[in-house]
Protein chains: 2
Amino acid sequence: MARKPTSKETARKPNMREAILAAAEELFATNGFNAVSVRDIAQAAGANPGSVTYHFKTKDGLLLEIYRRHCGPMNLRRSELLAAAKRVRDLQDRLEAIVRAYVVPAFTSGSDLAGGGARFTRLRAVMSAEGNEVARRIIAQTFDDTSHAFIDAVHESLPHIPRPDIVWRSHFLLGALYYSLVTPDRVSRLSRGEADGSDAASAIEQLVQATVAAFQAPALDQAAPARRRAAASSKT
Amino acid sequence: MARKPTSKETARKPNMREAILAAAEELFATNGFNAVSVRDIAQAAGANPGSVTYHFKTKDGLLLEIYRRHCGPMNLRRSELLAAAKRVRDLQDRLEAIVRAYVVPAFTSGSDLAGGGARFTRLRAVMSAEGNEVARRIIAQTFDDTSHAFIDAVHESLPHIPRPDIVWRSHFLLGALYYSLVTPDRVSRLSRGEADGSDAASAIEQLVQATVAAFQAPALDQAAPARRRAAASSKT
DNA sequence: TGATCTTTTGTACGATAGTACAAATCTCAT
DNA sequence: ATGAGATTTGTACTATCGTACAAAAGATCA
């Protein structure tokens, strides 16, 4: 084999590095980190396995770069939306806007990257579930600021709710958000086709609506004890 | 006869099969399926790698057996609690009892197995995130009945809410439940120590409270459109 | 006890993992 | 065109993977 005419027949890849990143993001997000091999990624990107090593040195390095690529834009977008939300005058609307500022960037792209932020958010969900070390480090130092800002904003809208309760509820929000991206088919299945779990717009609206109501629920201390007993009769 | 030796000390291995199951459950739940090797499991159980093959044939078979071991008891427990909840007369209390019937067995053991159901639920969360094939098959055919029963029960308590909305909200519930078991430390961290994410009792109460409020939120169709964009001081 | 069945051990095999590295190829200013 | 740097390719190495299997050890009961 003297030569191979790669320049003409295949669509010219102006940036193989981007193709590898996109392929890895997709594969990691759907199968987890360890289930995907470097060779799988290379094949999906139409690249050579060695090319992955060249661009990202290690598999961890590849994951790291995926995070680096998305964290900035997404958090920036969240900050902007949060700042705008805080300016909403009506209290009820403001809370909804705050929640929306947290949810929307997770579903839609926070940058120019194709495929949207949903894929990256799903990736985060999967890495979180797997207890991935690289992801854990990045998340703690990158997203905690954003989370705190969000929690503070919610707390300002609901000053009568203790902060720990708000932390719990925003934690539930993130879990619900993650799970909606991980197994959207379950929504379609359980609703017998009446709802489409893959529809981002529906997911956002439903999630915002439910979360706002959850945040507005009375705090545990002041509400539950009075009528606790009737509900939980059998207990270990 | 010598007394039954406690399983913590080296002592004797009365049931290596159980030790392997427990070790695998723990390792899978914390690291994912592919990140854990059969050798890791064997070592954690104090067994020989070949012993795993003998008892469970394959790694998939081991995972399958873990599911088989838990699904029955947990769903049975849920059915019992759900039946009891449906008998609660007060509407508000009934809804709370229904939600509790869904949540409690996921946190506490549904059987005599040590370690509680939390570990298994966390395992399910991780397998779900990884898109594990074995788990996917079992879940669809084992948990969907339970989920439908739960959704129907909630719908009976809230007949004015469209069923798809209830599906979405119960989906969020499961996501929040999963995430609370996957990264409890995040709650502790974001609350700056004011809340303990590892405390099952707190998690349950917070989750039930938030979820009941979410279920009771007005449906999307009838509430949102009126005040979506403009500031709405008027109530329709 | 000895025979038989169950369980555990030790080892090995083929497949595949991540990664390194040199050769081949491409890009582009000069 | 040419040479230098950037990128891609091909291949190989070592480690570890899941699993198979024969031998050793333990258990059970006539």
Side-chain angles (χ1 to χ4, degrees), chain A residues 1-25 27-28 30-66 126-127 130 132-135, chain B residues 1-2 4-5 7 10-25 27-28 30-67 126-127 130-135:
Chain A
M1 48 185 89
R3 61 187 304 176
K4 35 186 61 179
T6 54
S7 55
K8 283 273 185 172
E9 60 164 352
T10 47
R12 192 74 190 93
K13 299 276 186 185
N15 211 347
M16 182 64 85
R17 187 186 148 96
E18 293 300 323
I20 293 172
L21 278 170
E25 197 178 307
L27 288 174
F28 285 157
T30 46
N31 302 107
F33 185 77
N34 291 282
V36 177
S37 72
V38 172
R39 287 168 177 82
D40 291 336
I41 297 168
Q43 186 172 13
N48 190 283
S51 195
V52 178
T53 305
Y54 170 73
H55 283 291
F56 307 101
K57 197 65 184 170
T58 68
K59 198 180 168 189
D60 276 356
L62 174 53
L63 180 63
L64 196 70
E65 183 56 29
I66 292 175
V126 176
M127 295 302 111
E130 287 186 320
N132 184 284
E133 259 303 310
V134 176
Chain B
M1 235 5 170
K4 191 166 56 178
S7 58
T10 311
R12 197 163 290 167
K13 308 279 183 175
N15 208 348
M16 182 64 86
R17 188 186 147 94
E18 293 300 322
I20 292 171
L21 278 171
E25 199 178 306
L27 287 173
F28 285 157
T30 46
N31 301 105
F33 186 75
N34 291 282
V36 177
S37 72
V38 172
R39 288 168 177 82
D40 291 336
I41 297 168
Q43 186 173 10
N48 189 284
S51 195
V52 177
T53 305
Y54 170 72
H55 283 291
F56 307 100
K57 199 62 184 171
T58 68
K59 197 182 171 189
D60 276 355
L62 173 54
L63 180 63
L64 196 70
E65 184 55 30
I66 292 175
Y67 270 81
V126 176
M127 295 302 111
E130 287 186 321
N132 184 284
E133 259 303 311
V134 177

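What you see below is based on every heavy atom in this structure, not just the backbone, and it leaves out hydrogens, waters and symmetry mates. Please read these numbers as outputs of a predicted model, since none were measured by experiment. The sequence lines fix the lettering, A, B, ..., with proteins before strands; numbering per chain opens at 1.
The distance between atom NZ of B:Lys57 and atom P of D:dT19, rounded to the nearest whole Å, is 10 Å. Between B:Asn15 atom CG and D:dG26 atom C1' there is a gap of 15 Å when expressed in whole angstrom units. In this entry the distance linking CD1 of A:Ile41 with P of C:dA17 reads 11 Å, nearest Å. Separating the CD atom of B:Gln43 from the C1' atom of C:dT8 is a distance of 17 Å, rounded to the nearest angstrom. Separating the CG atom of B:Asn34 from the P atom of D:dT16 is a distance of 17 Å, rounded to the nearest angstrom. Put simply, CG on A:Leu63 is 13 Å from P on C:dG18, counting in whole angstrom units. Distance CZ (A:Phe56) to C1' (D:dT8): 14 Å, rounded to an integer number of Å. At whole-Å resolution of the value, CE in B:Met16 and C1' in C:dT6 are 14 Å apart.
Minimum atom distance to the side chain of B:Asn48 is reached by C:dT9, of the listed C:dT8, C:dT9, D:dT8. Checking C:dT9, D:dA6, C:dA17 against every side-chain atom of A:Ser37, the shortest atom distance belongs to C:dA17. Proximity note for A:Ser51 (side chain, C-beta onward) versus D:dT19, D:dA6, D:dT9: the nearest is D:dT9.
Neither OP1 nor OP2 of C:dT8 sits under 4.0 Å from any side-chain N or O of B:Tyr54.
At least one side-chain heavy atom of B:Leu21 sits under 4.5 Å from a side-chain heavy atom of B:Glu18.
Residue pairs that meet the ring pair (Phe, Tyr, Trp, His ring centres under 6.0 Å) test with at least one member in residues 32-61 of chain A, sequence neighbours left out, are A:Phe28-A:Phe33.
Nearest-nucleotide positions on DNA chain C place B:Arg17 closer to the 5' end than the other of B:Arg17 and A:Gly50. Toward the 5′ end of DNA chain D lies the nearest nucleotide of A:His55, the other residue of the pair A:Arg39 and A:His55 mapping further downstream.
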